[in-house]
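A quick write-up on the structure given underneath.
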Amino acid sequence: MGKRLVVIGGVAGGASAAAKAKRENPDLEVVVYEKSGWVSYGACGLPYVLSGEIPRLEKLVARTPEEFRKQGIHIHVHHLVVDVDPELRTLTVFDHQERRTFQDRYDYLVLATGARPSLPPIPGTEQEGVYTLRSMEDGESLLKALKGAQRAAILGAGYIGLEVAEAFRKRGLEVTLLELKDRPLPHWDQEVGNLLKEELERHGVEVWTRVEVKALRGQGRVEAVETSEGVVPADLVLVATGIKPNTLLAQAMGVALGPTGAIATDERMHTNLEGVYAAGDVAESFHQVLKRPYWLPLGDVANKHGRTAGAVIAGKEARFAGVVGTAIFKAFGLAVATTGLSQEAALREGFQARKVFIQSRDGAHYYPGSQPLWVELIYEEGTGKLLGGAVVAHGHGALRIDALAALLHQGGTVEDLLSLDLAYAPPYSPVWDPLLIAAQQVK
């Protein structure tokens, strides 16, 4: 009889682990337990369903349970794993549909329990009209709420808050974005935040920064947000103040957490327990710039985690080398991409960090339709080692960030950047690429 792999969580990392393991070793018996009714979907697409750009939630699904079953993978939705005994290698599962509990066993176990919203400790978050956006069920709830809403308040100006601000405006809502720090995208440097604030306000979003949310007012249904700077009327509130790894089950079974609070793994995604692996937003990664564990809850990282774990469990050689923190998102007409460390983060980490910030264009100045493009480079004084960077553009020009990310993975320097043979044609770049223009400013 073949070995039995059980995956807890069927989204992103969990789905990838199951599919890769079965593909590499067809003799494996693969079972997936997912607490929700959805598996293998692109949660990053949820804001675009809310905006109406993607017509329905089902478009986000990569593989249905039926498609997994055709591959020989046993998918069980609406099944919650409530306990795991790592010594006996057994687990207790609650079937929500049949309202019953049963036991199962495993030879290998993948924990892919994801992350959950981190709600701020303010009164009123339990009322109707208050939402988070993490799962397909969250998306379903928000879609229904949008039909009657007129004024929305968004708590938090990170990726989700910024993307949903655009979605709500496209639905015709009045939108107020509330951020505790002094700029949108507060984990990055001021120049990028300023560009974002201008773009948001140009499209009718009220942006309140340096504002503390005191309470959500209402009598069972939210009516307004009380802040340190005044009251914001709202019949819909999105809380986008962050997430945290969903490690409750892992901790209960004795899985070790790392310094970030997510599950600690090695390069093969193996935990401290024999036969137990972790993948996705519940697990740490290794940061190639910081040279230490780092938590990066992004969909592409989750899928790489799962692919690595699945290959290893199937008996193949695989390693996940780590991350440099690359991300990209859209806010109205701007594409904002970052990688590595901001200057503020680099200084906090003890680097002698300096930066350059330049404005260029995404095509030759004479080419019709070329638009402004901004580049930020963060580097170490003295060595010239690249520490991070950002590209802000009006389209796909922001994908220049991938060149910087590749250099960061290799420990590259500004000189290495200057030596790159980058593509040039007037529709796509000035004769000197904006990355090279920025590198030339480094002293």
Could you walk me through whether T247 and V282 pass side chain to side chain contact (heavy atoms under 4.5 Å, CB included), step by step?
CA-CA 6 Å; T247 59; V282 76; 3.9 Å; yes
Do the non-hydrogen side-chain atoms of I154 and V205 ever get within less than 4.5 Å of each other?
no
Which heavy atom of L178 sits nearest to which heavy atom of V232, and what is that distance?
CD2-CG2, 4.2 Å
Lys/Arg-Asp/Glu bridge criterion (N-O < 4.0 Å) met for E349, R292
yes
Just checking E87: does its CD atom have more than 12 heavy atoms from other residues, nucleotides or ligands closer to it than 6.0 angstrom?
no
Around Q150, counting heavy atoms of other residues, nucleotides and ligands shown, do more than 12 lie under 6.0 Å from its CD?
no
In terms of heavy-atom contacts, does NZ of K181 have more than 12 from other residues, nucleotides or ligands at under 6.0 Å?
no
Roughly how far, to the nearest 0.5 Å, is CG of L177 from CZ of F168?
11.0 Å
For L386 and V414, run side chain to side chain contact (heavy atoms under 4.5 Å, CB included): C-alpha distance rounded to whole Å, both residues' side-chain angles, the deciding distance at 0.1 Å, then the answer.
CA-CA 6 Å; L386 280 172; V414 174; 4.1 Å; yes
Above 12 or not: heavy atoms from other molecules or residues under 6.0 Å from NZ of K291?
yes
On a heavy-atom basis, the closest approach of Y131 and A145 is OH-CB, 3.2 Å
Do R183 and L196 have side-chain heavy atoms sitting under 4.5 Å apart?
no
Would you call the rings of H305 and F320 parallel, tilted or perpendicular if under 30° counts as parallel and over 60° as perpendicular?
perpendicular
Would a 4.5 Å heavy-atom cut-off, applied to side chains only, mark L143 and R171 as touching?
yes
Short question: side chain of S141, backbone of E137 - any donor-acceptor pair under 3.5 Å?
yes
pair I378-D189: side-chain heavy atoms closer than 4.5 Å:
yes
Main chain of P293, side chain of E284: is a donor-acceptor contact present, judged purely on distance under 3.5 Å?
no
Here the pair of heavy atoms bringing I328 nearest to A398 is CD1-CB, 4.0 Å
N/O donor-acceptor pair under 3.5 Å between S118 side chain and G242 backbone
no
Nearest heavy-atom contact between P117 and I243 is CA-CG2, 4.0 Å
Walk me through whether D182 and R210 qualify under salt bridge (charged side-chain N to carboxylate O under 4.0 Å, His left out).
CA-CA 5 Å; D182 64 352; R210 301 181 189 271; 3.6 Å; yes
Are any of the side-chain heavy atoms of R89 and E274 separated by less than 4.5 Å?
yes
Applying the side chain to side chain contact (heavy atoms under 4.5 Å, CB included) test to P184, which of N194, V207, V336 qualifies?
V207
Chi angles and distances behind the side chain to side chain contact (heavy atoms under 4.5 Å, CB included) call for L162, E166
CA-CA 7 Å; L162 292 165; E166 177 181 354; over 6 Å; no
May I ask you to test the L273-L109 pair for a side-chain heavy-atom distance under 4.5 Å?
no
The reported gap from NZ in K20 to CG in N303 (rounded to nearest 0.5 angstrom) is 12.5 Å
If the test is salt bridge (charged side-chain N to carboxylate O under 4.0 Å, His left out), which one of K70, R63, R69 qualifies with E66?
R69
Could you check whether any side-chain N or O of N272 sits under 3.5 Å from a backbone N or O of A256, counting only pairs where one atom can act as donor and the other as acceptor?
yes
Is there side-chain contact between H187 and L185, with at least one heavy-atom pair below 4.5 Å?
yes
With side chain to side chain contact (heavy atoms under 4.5 Å, CB included) as the criterion, how do F68 and V32 come out once you've worked through the C-alpha distance, each side chain's angles and the decisive distance to 0.1 Å?
CA-CA 10 Å; F68 274 107; V32 178; over 6 Å; no
Rounded to the nearest 0.5 Å, what separates atom CD in Q343 from atom OH in Y379?
9.0 Å
So do the side chains of L60 and W38 get within less than 4.5 Å of each other, counting heavy atoms only?
no
Side chain of E34, backbone of S40: donor and acceptor closer than 3.5 Å?
no
Count the heavy atoms belonging to other residues, nucleotides or ligands that lie under 6.0 Å from NZ of K35, then report whether that count exceeds 12.
no
Out of curiosity, I313 CD1 to M269 CE, how far, rounded to the nearest 0.5 Å?
10.5 Å
Looking just at side-chain N and O atoms, do T227 and E212 make a donor-acceptor pair shorter than 3.5 Å?
no
Heavy-atom closest pair (G45 atom, I54 atom, distance to 0.1 Å) is O-CD1, 4.1 Å
Give, for atom OG1 of T413 and atom NZ of K385, the distance between the pair rounded to the nearest 0.5 Å.
10.5 Å
Under 3.5 Å donor-acceptor, Q97 side chain and H78 backbone
no
More than 12 heavy atoms of other residues, nucleotides or ligands under 6.0 Å from CZ of R400: is that the case?
yes
With a 4.0 Å cut-off, would you call E226 and R217 a salt bridge?
yes
Contact summary for A18 and V7, nearest pair of heavy atoms:
CB-CG2, 4.2 Å
Which class fits the ring pair H203 and F332: parallel under 30°, tilted 30 to 60°, perpendicular over 60°?
parallel
Picking from V81, T265, V276, what satisfies side chain to side chain contact (heavy atoms under 4.5 Å, CB included) with L111?
V276
Just by distance, do the side chain of E67 and the backbone of T64 share a donor-acceptor pair under 3.5 Å?
yes
Taken to the nearest 0.5 Å, the spacing of T209 OG1 from L180 CG works out to 10.0 Å
